[in-house]
Amino acid sequence: MAIKTGNKVRLYLTEKSSGGAYTWLKGEQSHSTTFNSEMIDVSDKSTDWQQFLAGMKSGTADVTVHADDDKSGPQHKLINALHKGQSVFVFSGVLGDGQTPSEGDMFEALVSSIGNTYENNGVASRSISLQITGAVVHYPTLD
């Protein structure tokens, strides 16, 4: 994979887990994703070193945007999802020709928090945290 600048990798909302229309979170300043795998200790007394197996996987995504309260916009959809306890479909990555995933990760997530910051003489910003629920699909697809 080639090195990417931050403005090439974006966070998009999409209609379903297989994609569809991709809506960029307008005003995105930055975002990050974290994927985890529980480590299950399978060590016994016959070795000096611990041994592990990979267990359940989990992940989170965090995004900071300039606050945009457009009722038809994607930020409003995330606020709505938080209040209703509904999941959203997200793609973090680079879209190729024809608006199809080129590189990145697609997942379903629940909105776990939304924080608003109103800096004096500054632009209002919003921090959104997502808890991934279910499997993550990586592009290009894994072997």
Side-chain angles (χ1 to χ4, degrees), residues 1-44 47 49-143:
M1 174 185 351
I3 295 174
K4 299 278 182 242
T5 58
N7 62 349
K8 297 280 185 196
V9 180
R10 292 182 168 183
L11 193 78
Y12 300 90
L13 295 184
T14 186
E15 301 301 316
K16 54 190 174 200
S17 61
S18 59
Y22 293 88
T23 306
W24 177 56
L25 285 177
K26 183 171 64 173
E28 179 182 350
Q29 296 173 326
S30 66
H31 84 272
S32 64
T33 55
T34 303
F35 304 104
N36 305 300
S37 181
E38 279 183 22
M39 293 294 110
I40 301 169
D41 188 345
V42 294
S43 306
D44 61 25
T47 179
W49 289 90
Q50 285 183 296
Q51 296 175 333
F52 296 92
L53 291 175
M56 297 293 290
K57 294 167 188 58
S58 64
T60 59
D62 295 288
V63 61
T64 301
V65 294
H66 294 298
D68 178 7
D69 289 325
D70 176 9
K71 187 172 182 174
S72 63
Q75 290 184 36
H76 185 76
K77 182 175 181 176
L78 290 169
I79 293 167
N80 201 37
L82 173 70
H83 285 276
K84 293 184 175 185
Q86 297 171 333
S87 63
V88 293
F89 293 101
V90 178
F91 176 67
S92 168
V94 178
L95 293 178
D97 296 336
Q99 295 288 295
T100 58
S102 172
E103 296 177 31
D105 299 288
M106 186 167 317
F107 48 86
E108 185 176 1
L110 293 166
V111 181
S112 57
S113 70
I114 296 177
N116 296 305
T117 301
Y118 305 104
E119 186 177 333
N120 192 19
N121 295 322
V123 176
S125 63
R126 180 169 285 142
S127 299
I128 304 164
S129 294
L130 303 163
Q131 177 65 53
I132 296 171
T133 179
V136 174
V137 177
H138 182 77
Y139 294 92
T141 54
L142 301 172
D143 297 334

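One distance of note links OG of S125 with CG of N116; it measures 8.0 Å at 0.5 Å rounding. Here the CG atom belonging to L11 is positioned 10.0 Å from the CZ atom belonging to F91, to the nearest 0.5 angstrom. The CZ atom of F52 lies 10.5 Å from the CD1 atom of I40; values are rounded to the nearest 0.5 Å. The structure places OH of Y12 at 5.0 Å from CZ of R10, a figure rounded to the nearest 0.5 Å. Summarising the geometry, atom OH belonging to Y139 is positioned 10.5 Å from atom CG belonging to L95; distances are rounded to the nearest 0.5 Å. In this structure, CG in L82 is found 9.5 Å from CD1 in I128, a value given to the nearest 0.5 Å.
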- Query: Would L78 and L130 count as a side chain to side chain contact (heavy atoms under 4.5 Å, CB included) if you check the C-alpha gap in whole Å, the side-chain angles of each, and the deciding distance to 0.1 Å?
  - Reply: CA-CA 10 Å; L78 290 169; L130 303 163; 4.3 Å; yes
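The side-chain hydrogen bond (donor to acceptor under 3.5 Å, both in side chains) test applied to T100 returns no partner, not counting sequence neighbours. Scored by the salt bridge (Lys or Arg N to Asp or Glu O under 4.0 Å) test, K26 finds D68 as partners (sequence neighbours excluded).
Applying the side chain to side chain donor-acceptor pair (under 3.5 Å) definition to pairs two or more places apart or across chains, those involving residues 70-79 are D70-S72, Q75-R126. Pairs engaging residues 51-63 under the salt bridge (Lys or Arg N to Asp or Glu O under 4.0 Å) rule: none recorded [sequence neighbours left out]. Screening residues 79-101 for salt bridge (Lys or Arg N to Asp or Glu O under 4.0 Å) gives no qualifying pairs among residues at least two apart or on separate chains.
The shortest non-hydrogen separation linking Q99 to Y22 is O-CE1, 3.1 Å. Counting all heavy atoms, side chain and backbone alike, S92 lies closest to T33 at OG-CG2, 3.7 Å. Q131 and T60 make their closest contact through OE1-CG2, 3.6 Å (heavy atoms, listed as atom of the first residue, atom of the second, distance). The minimum heavy-atom distance linking A21 with T14 is given by the pair O-OG1, 3.2 Å. Counting all heavy atoms, side chain and backbone alike, S37 lies closest to A54 at OG-CB, 3.6 Å.
Looking at V90, V63, T64 one by one, the single match for side chain to side chain contact (heavy atoms under 4.5 Å, CB included) with L25 turns out to be V63.
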Donor-acceptor pairs under 3.5 angstrom involving side-chain atoms of residues 106-115: please list them, not counting sequence neighbours.
| unit_1 | atom_1 | unit_2 | atom_2 | d |
| --- | --- | --- | --- | --- |
| E108 | OE2 | S87 | OG | 2.5 |
| S112 | OG | S129 | O | 3.2 |
| S113 | OG | S129 | OG | 3.4 |

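By the 4.5 Å heavy-atom criterion applied to side chains, V9 and H31 are counted as neighbours.
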